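Encoded as structure tokens, the structure appears first; notes follow it.
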Amino acid sequence: MTSLQAIRGMNDLLPQDIPYWHRLEQVCRQLMQSYGYQEIRTPVLELTALFKRSVGEVTDIVEKEMYTFEDRNGESVSLRPEGTAGAVRAGIEHGLLYNQVQRWWYMGPMFRHERPQKGRYRQFQQLGAEIYGMDSPLSDVELMLLSYRLWKYLEIADCVVLEVNTLGTSLERQAYRQQLVDYFSLHPEQLDEESKRRLLTNPLRILDSKNPAMQPLLEAAPQLLDSLGEVSRQRFNRVCALLGSLKIPYRVNTRLVRGLDYYCHTVFEWITDRLGAQGAICAGGRYDDLVAMLGAKPTPAVGFAMGLERIVLLLQSQAQLSEDPPDVYGILLGEEAESFGLNGIEQLRDALPALKLKVDCGGGSYKSQFKRADKSGAKFALVIGADEVARDALILKPLREDSPQEVYRLPDLIKYLSQY
Ligand code: HAM
């Protein structure tokens, strides 16, 4: 029989990985709360139509990457490839968006059927943040500030850089789209197959091509920035001025267009060069038209999402984290000692809930249990045998320093261990 394995691109997070995840999740939660964001949790499965209408029919995500299937009612549903569509859907459905300001965050698995490689998976975790009801450039910058603070807390600020661009309004983009089509149509021989296809469907995405042979053509392409109206231009200038005055290191990348269709005005990505091809660790932008596109009253919106696996990879390349060893390792010798000892240990846990106490449930000789106690890294071994049962006492043996073992009555042991 062939052995069953995890689905390609869907990874197990093993116990040795978890300390990095705990650290990241804890810092993120605390950060989101400190900026006044509330958590929202939406289903991993949504109607396929939601993603088609929000992310866009002619994007890679919807065309090629979604896990889509018919459920038992014959309805087309998809595993969420991202979190923004679900957040907007939930906001509309529960009447939480119109004429209100909301700051939300979420964390959870997303699914894209991409070609797996380092930093790119088919199931991956995102932390996202979304602001509704505010259209000022300040709300765009708040998200960049917040993410910058996260990099500082995680001590990875020196290996990331912020790229920003503006996509203007949908009207401005339409005019620019035509300019781009005209320009690229003059040079069909320089376009690769993918770009020829995009010329008909989503020409802005051609600017995002990484194909080295096309770079000169892309460098010389007309720039959206040049065809923006005064209002959009001033808005972008304000974002850049705020970033400058807040000393957030950034660069304008006029070819940053993003792979999802709902964006307008500010878009941004935090990039690192330490992860090879998958350098974007956080990306987002404004999407003022999306709420109306999904059928509700227009509501300005801006947000980002970060790929937590990529951040964990950065953390792992910086520092070694491991789980703290237990404070105490319990060794129980013989049946009588097992019931007496477990009883005492449960009372210890009642009195000292923060104490990390691991019991050797494997049985065996003192020698073999003691070996495991030592290997666990615990500060103390708590040894209970027939003698201890007879005298209603427990032995505490320091494992990391050269001091003698002591015999305690339970109340005295609780008092002693309360200092740890
Ligand atoms: P996105 O650029 O598609 O945007 O994804 C955001 C981040 O998720 C990426 O920068 C990357 O770190 C991570 N990511 C994406 N795909 C993968 C993958 N296959 N494996 C590992 N990590 C991945 C969005 O999803 C938008 N919803 C962001 C947003 C929120 N815009 C406004 N609000």
Side-chain angles (χ1 to χ4, degrees), residues 54-64 135 137 140-141 144 161-244 249-271 273 277 279-280 283-290 293 300-302 304:
S54 50
V55 174
E57 295 253 16
V58 287
T59 55
D60 283 352
I61 292 180
V62 168
E63 281 183 340
K64 316 189 230 177
D135 61 7
D140 311 11
V141 172
M144 299 184 223
V161 62
L162 177 64
E163 294 196 341
V164 289
N165 191 22
T166 176
L167 298 179
T169 64
S170 60
L171 267 180
E172 287 161 343
R173 267 195 318 281
Q174 257 172 40
Y176 173 64
R177 192 187 145 106
Q178 194 50 54
Q179 277 186 45
L180 264 191
V181 172
D182 294 345
Y183 169 77
F184 287 129
S185 303
L186 289 176
H187 311 279
E189 72 294 346
Q190 293 182 49
L191 293 175
D192 58 20
E193 285 312 308
E194 179 73 6
S195 302
K196 279 184 188 144
R197 202 174 62 79
R198 283 183 166 154
L199 190 59
L200 305 171
T201 55
N202 201 344
L204 257 75
R205 290 282 291 148
I206 299 177
L207 296 175
D208 216 24
S209 166
K210 305 282 179 291
N211 181 347
M214 281 176 47
Q215 297 311 304
L217 180 71
L218 301 182
E219 303 278 332
Q223 295 204 349
L224 175 57
L225 210 51
D226 296 329
S227 51
L228 290 186
E230 199 44 35
V231 175
S232 292
R233 200 188 298 253
Q234 272 183 12
R235 194 181 190 294
F236 187 56
N237 288 343
R238 179 72 187 134
V239 169
C240 294
L242 279 166
L243 290 175
Y250 76 97
R251 58 178 181 235
V252 175
N253 174 0
T254 53
R255 282 171 42 194
L256 179 66
V257 290
R258 309 279 297 124
L260 304 91
D261 272 0
Y262 47 61
Y263 291 109
C264 62
H265 293 299
T266 314
V267 288
F268 63 95
E269 284 189 359
W270 285 96
I271 313 280
D273 59 9
R286 290 206 75 79
Y287 52 100
D288 293 339
D289 301 329
L290 181 59
M293 270 161 51
V302 59
F304 69 61

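Values below: every heavy atom of this structure, side chains too, minus hydrogens, waters and symmetry copies. Treat the numbers as computed from the prediction; the structure is a model and nothing was measured.
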Answer whether the closest heavy-atom distance between the side chains of Asn165 and Val267 falls below 4.5 Å.
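In short, these two side chains touch, coming nearer than 4.5 Å.
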
So do the side chains of Leu242 and Met144 get within less than 4.5 Å of each other, counting heavy atoms only?
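Counting from C-beta outward, Leu242 and Met144 never come under 4.5 Å.
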
Partners passing salt bridge (Lys or Arg N to Asp or Glu O under 4.0 Å) against Asp288 (at least two apart in sequence or in another chain):
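Listed in chain order: Arg286.
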
Looking at residues at least two apart in the chain, or sitting in another chain, which of them share a salt bridge (Lys or Arg N to Asp or Glu O under 4.0 Å) with Asp182?
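Testing Asp182 for salt bridge (Lys or Arg N to Asp or Glu O under 4.0 Å), a comparison that skips the adjacent residues, returns none.
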
Donor-acceptor under 3.5 Å ([X] side chain, [Y] main chain):
| X | Y | answer |
| --- | --- | --- |
| Lys64 | Val62 | no |
| Arg205 | Thr59 | no |
| Tyr183 | Leu217 | yes |

Looking only at non-hydrogen atoms, find the nearest pair between [X] and [Y] and report the distance.
| X | Y | value |
| --- | --- | --- |
| Tyr263 | Arg173 | O-NH2, 3.2 Å |
| Arg255 | Leu218 | NH2-CD1, 3.5 Å |
| Leu290 | Ser54 | CD1-CB, 3.4 Å |
| Ala221 | Leu180 | CB-CD2, 4.3 Å |
| Leu224 | Tyr176 | N-CE1, 3.3 Å |
| Pro137 | Val239 | CB-CG2, 3.7 Å |

side-chain hydrogen bond (donor to acceptor under 3.5 Å, both in side chains) pairs, two or more places apart, involving residues 231-241
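For residues 231-241: Asp140-Arg235, Glu172-Ser232, Glu230-Gln234, Arg235-Thr266.
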
Working for side chain to side chain contact (heavy atoms under 4.5 Å, CB included), residues Val252 and Phe236
CA-CA 10 Å; Val252 175; Phe236 187 56; 4.1 Å; yes

If you round to the nearest 0.5 Å, how far is [atom2] of [Y] from [atom1] of [X]?
| X | Y | atom1 | atom2 | result |
| --- | --- | --- | --- | --- |
| Asp261 | Ser170 | CG | OG | 11.5 Å |
| Leu207 | Leu256 | CG | CG | 10.5 Å |
| Asn202 | Arg197 | CG | CZ | 9.5 Å |
| Glu63 | Thr201 | CD | OG1 | 6.0 Å |
| Trp270 | Phe304 | CH2 | CZ | 10.5 Å |
| Ile206 | Asn211 | CD1 | CG | 11.5 Å |

Just jot down the side-chain contact (heavy atoms from CB on, under 4.5 Å) partners of Gln223, sequence neighbours excluded, or say none.
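side-chain contact (heavy atoms from CB on, under 4.5 Å) check on Gln223 returns Asp226, Thr254.
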
Just to verify, what does Tyr287 make a ring pair (Phe, Tyr, Trp, His ring centres under 6.0 Å) with, not counting sequence neighbours?
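Checked Tyr287 against ring pair (Phe, Tyr, Trp, His ring centres under 6.0 Å); matches are Tyr262.
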
Derivation and outcome, side chain to side chain contact (heavy atoms under 4.5 Å, CB included), residues His265 and Thr169
CA-CA 6 Å; His265 293 299; Thr169 64; 3.8 Å; yes

Please determine if Asp60 and Arg198 form a salt bridge, counting it only when a charged side-chain N lies under 4.0 Å from a carboxylate O.
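Arg198 and Asp60: salt-bridged.
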
Below 3.5 Å, can you tabulate the donor-acceptor pairs from side chains in residues 184-191 to any protein atom, sequence neighbours excluded?
residue, atom, partner, partner atom, Å
Ser185, OG, Val181, O, 2.5

Report the C-alpha distance between Ser209 and Glu194 in whole Å, list the side-chain angles of each, state the deciding distance to 0.1 Å, and finish with yes or no for side chain to side chain contact (heavy atoms under 4.5 Å, CB included).
CA-CA 9 Å; Ser209 166; Glu194 179 73 6; over 6 Å; no

